[in-house]
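Here is the structure we will look at.
On a predicted model such as this, the values are computed, not experimentally measured, just so you know.
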Amino acid sequence: MTRDRPLVLATLGCVGARTAFILGRDGVTEAGIRRVLRDSARLGFGLFLPVFVSSSLVTLWPGALSRGLAARQRALGLSCAVAQLTAGAAILAFRMRHPVHFREATYPLQRIGGLSGFLALGVMSATSFEPAKRALGLRRWKRWHRVGLHVLALNYLVSYGRRSVVNREPFYMPFLGLLLSAMGLRAAAAMKRRTRTPGRGALIAGIE
């Protein structure tokens, strides 16, 4: 955990400073709350992507850089959780302070998907530490985290896909492009794992 602390604390400081700036400028208004939500969610997405692709990069391009990124998965994941939980707090504030506008701005499937994403994030964060990993067993732990990553990826895909394609908001197209590229990397890595030799699979299996 000591190794993870600098990045997690830096993310906490960044999110806290940005939130204080926005609310200090805009007040705890609907606009201010929604800006905090958007900023935190975008930062969370930026931290999520390297977690999502790190093991795939090791498979496709093994080397010091890819293995170094994989070794920092937990720090990046916990930092993503900090940003996304800030976004979750903003969602709750939006719902409580502006319930009518919240219902107008969201739809039931989006709310269910968002809840599933926060649950997945909570489970992955709570089981990121060695005692939890040992209690679950490595195989089950990997399965839980793989499912959680895909739940989050699906939420991002629906959110950015809807904004880019349905709402035609060009600002979100790069986010969608990055996510689709990350999914492509994972698919390519999965195909390579299926065709590699047993010896090489055993070498990399510990960090997939």
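- The shortest heavy-atom contact between I33 and A90 is CG2-O, 3.2 Å.
- A donor-acceptor contact shorter than 3.5 Å links the side chain of S164 to the backbone of Y172.
- Aromatic ring pairs are classed by plane angle as parallel below 30°, tilted from 30° to 60° and perpendicular above 60°; the pair F48 and Y156 is tilted.
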Please assess R72 against L7 for the test side-chain contact (heavy atoms from CB on, under 4.5 Å), listing each intermediate value before the final yes or no. CA-CA 10 Å; R72 288 164 177 77; L7 181 57; 6.0 Å; no
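- Among I91, D26, L23, the single residue meeting the side-chain contact (heavy atoms from CB on, under 4.5 Å) criterion with V36 is L23.
- H101 and H98 have parallel rings, their planes meeting at less than 30° on a 0 to 90° scale where 60° marks the start of perpendicular.
- Within the 3.5 Å criterion, the main-chain N or O of G63 finds a donor-acceptor partner in the side chain of S66.
- Aromatic ring orientation, F102 versus F94: perpendicular (interplanar angle above 60°, classes split at 30° and 60°).
- Minimum interatomic distance between N155 and G113 (heavy atoms only, all atoms of both residues): OD1-O, 2.6 Å.
- For the pair R163/F171, no side-chain contact is recorded, criterion being any heavy-atom separation below 4.5 Å from C-beta on.
- The side-chain tip of R186 points at the ring of F52 from less than 6.0 angstrom away and within 45° of straight on.
- A donor and an acceptor atom, one from each side chain of S128 and R74, are nowhere located under 3.5 Å apart.
- Residues A126 and A132 share a closest heavy-atom pair of O-CB, 3.9 Å.
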